[in-house]
Chemist: 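Take a look at the following structure, please.
Heavy atoms only: backbone and side chains are in, while hydrogens, waters and symmetry mates are out. So you know, we letter chains A, B, ... as the sequences are listed, proteins then strands, and number each from 1. If you're wondering where the values come from, they're calculated on a predicted model, not measured in any experiment.
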There are 2 protein chains.
Amino acid sequence: MVSLKDIASKCNVSVATVSKALNDHSDIGAETKARIRRTARELGYVPNAAAKSMKTNRTHNLGVLFMDDANSGLQHDFFASVLESFKKEVEREGYDITFISNDRTRPGRTSYLTHARYRRFDGVIIANVHFDDPEVVELVKSDIPVVTIDHIYNDTTTILSDNVDGMKTLVDFVVANGHKDIAYIHGADSSVTRTRLVTFNKQLEEHGITVPDEYIQESPYRDTHGAYEKTLELLDLPNRPTCIFYPDDYAAYGGMRAVMEKGLKVPDDVSVVGFDGIKVARHIRPRLTTYRQDADGLGTQAAKNLIDLIERPKTTLIKQIVVKGKLLEGDTLKKLN
Amino acid sequence: MVSLKDIASKCNVSVATVSKALNDHSDIGAETKARIRRTARELGYVPNAAAKSMKTNRTHNLGVLFMDDANSGLQHDFFASVLESFKKEVEREGYDITFISNDRTRPGRTSYLTHARYRRFDGVIIANVHFDDPEVVELVKSDIPVVTIDHIYNDTTTILSDNVDGMKTLVDFVVANGHKDIAYIHGADSSVTRTRLVTFNKQLEEHGITVPDEYIQESPYRDTHGAYEKTLELLDLPNRPTCIFYPDDYAAYGGMRAVMEKGLKVPDDVSVVGFDGIKVARHIRPRLTTYRQDADGLGTQAAKNLIDLIERPKTTLIKQIVVKGKLLEGDTLKKLN
DNA sequence: AAAACCTACGCAAACGTTTAAGCTAATAAG
DNA sequence: CTTATTAGCTTAAACGTTTGCGTAGGTTTT
């Protein structure tokens, strides 16, 4: 590997001069600069990120921490979308991204924070983990700039999908279509889940609709089978709901399966409403009626804010940024009026 | 950040001793070692990957290069699965992964190879890119250990999905179910596409079936709309096929839509066969009949072989490893006999 | 013509490691 | 009792950068 030293000796200047020339410092003569740069190009010089980072204390490398319950990792559509746009945005600013390994079973593994320190990440984005995990909390509380997705900590910038708007929008839409018997299979307990559930109840109340207890069920996120079974229970109810809300689109597909297997039709007999707006759903008939979270927006906002936090720590505030999604009208909601 | 130096002065030993103690060298006394290690723990010492890499010329960091035509990035199910298992496997061996940025439009960007050199990746995995892109070729030809997915270069270890087996299996299965009029909408030209197409024709020939030219159509990978339109054309043929093969599962869904919109039924009127085995397809009815590529196997093999290449260069051969998938029977193929 | 000021470069230290080689004192061998 | 051996530690150089400070020579100001 060719280093500054090689260029220096070839140009008969000092290493310092070469460094300054390549970094375009003002105290190097124009023709010297040109000569050094030409030589650098000729020799195929590539700077060494490690050496650079030792001096500058900046790696231009960001850590990504992610893990969901189902351990779906990168196959989690929503997270993949967020990460993809995050990646694009940070790359524009010259940053790379590296995963913080989350294999908790590996012998000799280090904590998330230790890993982040080892790699000297300039910042970290955290999504979809167990936010109350002590290791996650430790990382969040450290001096490393952090942006979280969909979870609020004190003193940490958070990018939130607008779950309130989402649930309100869906409820309003469903009610506007004449539904009154609306069930909700919500996800496992988390701040997001609570927000949605509270909003669900509140918004229906606004419309003067009360929800019987047995209409509210719980099933993990992205668990088609769980949703399938809960749906069967709901369908067996004497007062069968006309519409069922699901925690996410995957679950909704599980629910649709249950409906069909009962010999019923979506949406003629039962309407189905998802949450997420996974990409593939647009390509499948019937199209799911759902609330599309703006994953791209979340990723981009996360990137911008994290970089601000890193590069302009003095002037950057800790913020909570809410990103609206939008209703995706599909074919799984029946018009009752 | 606490460094070896801090530990050294606290323990009244030299920095060298600390380094050796932490790396368990044999020429440090047992009690000294213990004392140093305890102090390191107390001070919260975390080694500096950059400094380490400068001395050892190893970063324990691997580059990931990926881009598909549709620019779906991480949202590409198949690649996400491959990458996920690759990631898990390399993390077990103490490696991290970092993306090689592929935004070709960014001003001041560097080539893939330059990026890889800048970060001093120990190795690189390449998937789904334009394999004849000069920048990719440059990277492959460099001295950096490389493993490619689904594309063969000379002198590069490749992990291949068994497209021959896949297509044979599908053809055999479809023919065994009594189909004789089988159309194939294949993907855009690539080595994978060619392999599948050749095998498709050959295997049908084996069964004594000839395929009319108009049954062979082209539509890009993962393009539901393209597949939709080609399917419409096929359905308008006087000799309408009884079964249509698609380049991938996404495309298959596009095809199914076309069938439905024509007022026909899958599989009663037209059978549909995909390729890939995307995860979500298992949750949606009707279940797609397809060939599930073993993405996990590909990722794991890629990881193992890349690490071998890095850690045991002398004794590791350049290989081409074929990973079989398996037939996924769904509900989209009609039994005609 | 002396004083002040640029311009363009070099010097050297520093970042945090690793490691070959050297040194000292204690122990084992002859 | 001398001499080789060994255990345990230190010294110092090196990896490839960046950057504050120094300085020599030239140019401008008084």
Side-chain angles (χ1 to χ4, degrees), chain A residues 1-40 43-61 94 110 114-122, chain B residues 1-40 43-61 94 110 114-122:
Chain A
M1 291 272 69
V2 16
S3 69
L4 293 186
K5 205 189 290 182
D6 303 312
I7 303 173
S9 60
K10 189 140 194 180
C11 289
N12 293 314
V13 293
S14 73
V15 170
T17 303
V18 177
S19 172
K20 290 177 182 173
L22 295 179
N23 289 311
D24 206 18
H25 286 209
S26 57
D27 61 346
I28 304 294
E31 70 280 24
T32 313
K33 248 182 210 175
R35 184 163 42 98
I36 288 175
R37 289 182 164 167
R38 182 160 30 80
T39 309
L43 295 181
Y45 168 73
V46 178
N48 182 325
K52 188 175 287 199
S53 90
M54 293 208 52
K55 290 302 295 182
T56 60
N57 275 321
R58 299 270 271 96
T59 56
H60 282 270
N61 196 10
T110 60
T114 303
H115 190 173
R117 288 212 192 291
Y118 175 65
R119 290 288 179 194
R120 297 296 192 274
F121 294 134
D122 290 340
Chain B
M1 290 271 71
V2 16
S3 70
L4 292 188
K5 205 189 290 182
D6 303 312
I7 304 174
S9 60
K10 189 140 194 180
C11 289
N12 293 313
V13 292
S14 73
V15 170
T17 304
V18 176
S19 172
K20 288 178 180 176
L22 295 179
N23 289 311
D24 207 16
H25 284 210
S26 58
D27 60 346
I28 305 294
E31 70 280 24
T32 313
K33 246 181 211 176
R35 185 163 43 96
I36 289 174
R37 288 181 166 171
R38 182 161 30 79
T39 310
L43 295 181
Y45 169 73
V46 178
N48 183 324
K52 190 175 285 199
S53 90
M54 292 206 53
K55 289 302 294 183
T56 60
N57 275 320
R58 299 268 272 97
T59 56
H60 283 270
N61 197 10
T110 59
T114 302
H115 190 173
R117 288 212 192 290
Y118 175 65
R119 290 286 179 196
R120 298 296 193 270
F121 295 133
D122 290 339

Chemist: In terms of side-chain heavy atoms of B:K20, which of C:dA21, D:dG16, C:dG10 is nearest?
Modeler: C:dA21
Chemist: Looking at A:I36 and A:C11, what are the two nearest heavy atoms and their distance?
Modeler: CA-SG, 4.0 Å
Chemist: Which nucleotide sits closest to the side chain of B:L4: D:dC9, C:dT17, D:dT18?
Modeler: C:dT17
Chemist: Is there a side-chain contact between B:M1 and B:V46, using heavy atoms and a 4.5 Å cut-off?
Modeler: no
Chemist: Once you apply a heavy-atom cut-off of 4.0 Å, does A:V46 come out as touching a base, just sugar-phosphate, or nothing?
Modeler: sugar-phosphate
Chemist: Classify the nucleic acid contact of B:V13 as base, sugar-phosphate or nothing, counting any heavy atom under 4.0 Å across all strands shown.
Modeler: sugar-phosphate
Chemist: Indicate, with a heavy-atom threshold strictly under 4.0 Å, whether A:N57 touches base, sugar-phosphate, or nothing.
Modeler: nothing
Chemist: Would you say B:Y118 places a side-chain N or O within less than 4.0 Å of OP1 or OP2 belonging to D:dG16?
Modeler: no
Chemist: How many Å lie between CG on B:L22 and C1' on C:dG16, as a whole number?
Modeler: 13 Å
Chemist: Give the rounded distance in Å between these two atoms: NZ of A:K55 and C1' of D:dT17.
Modeler: 7 Å
Chemist: Please report the distance, rounded to the nearest Å, between CG in A:D27 and P in D:dT23.
Modeler: 16 Å
Chemist: Just verifying a value: how many Å separate B:R35 CZ and B:T17 OG1, rounded to the nearest 0.5 Å?
Modeler: 9.5 Å
Chemist: Choose from D:dA13, C:dC15, D:dT19 the nucleotide whose nearest atom is closest to any side-chain atom of A:S19.
Modeler: D:dT19
Chemist: Would you say a side-chain N or O of A:T32 is under 4.0 Å from OP1 or OP2 of C:dC9?
Modeler: yes
Chemist: Respond yes when some side-chain nitrogen or oxygen of B:N48 is under 4.0 Å from OP1 or OP2 of C:dC15, and no when none is.
Modeler: no
Chemist: Given that B:S26 and A:K5 both sit by DNA chain D, which one's nearest nucleotide is further toward the 5' end?
Modeler: B:S26
Chemist: I'd like to check B:R58 versus B:H60 (side-chain heavy atoms, cut-off strictly below 4.5 Å). Are they in contact?
Modeler: yes
Chemist: Roughly how many Å is it from CZ in A:R117 to P in C:dT17, rounded to a whole number?
Modeler: 13 Å
Chemist: Shortest non-hydrogen contact from A:I28 to A:K33?
Modeler: O-CE, 3.8 Å
Chemist: Go through C:dG10, D:dC9, C:dT18 for me and flag the one nearest to the A:S14 side chain.
Modeler: C:dG10
Chemist: When you check the phosphate oxygens OP1 and OP2 of D:dT10, does a side-chain N or O of B:T17 lie under 4.0 Å from one of them?
Modeler: yes
Chemist: Specify the residue among A:N12 and A:A51 whose closest nucleotide of DNA chain C lies further upstream toward the 5′ end.
Modeler: A:N12
Chemist: Could you state the atom-to-atom distance from CD1 of B:I7 to P of C:dT18 in whole Å?
Modeler: 11 Å
Chemist: Return the nearest nucleotide to the side chain of A:A16; candidates are D:dT18, D:dT10, C:dC11.
Modeler: C:dC11
Chemist: Separation of B:I36 atom CD1 from C:dT18 atom P, in whole Å?
Modeler: 13 Å
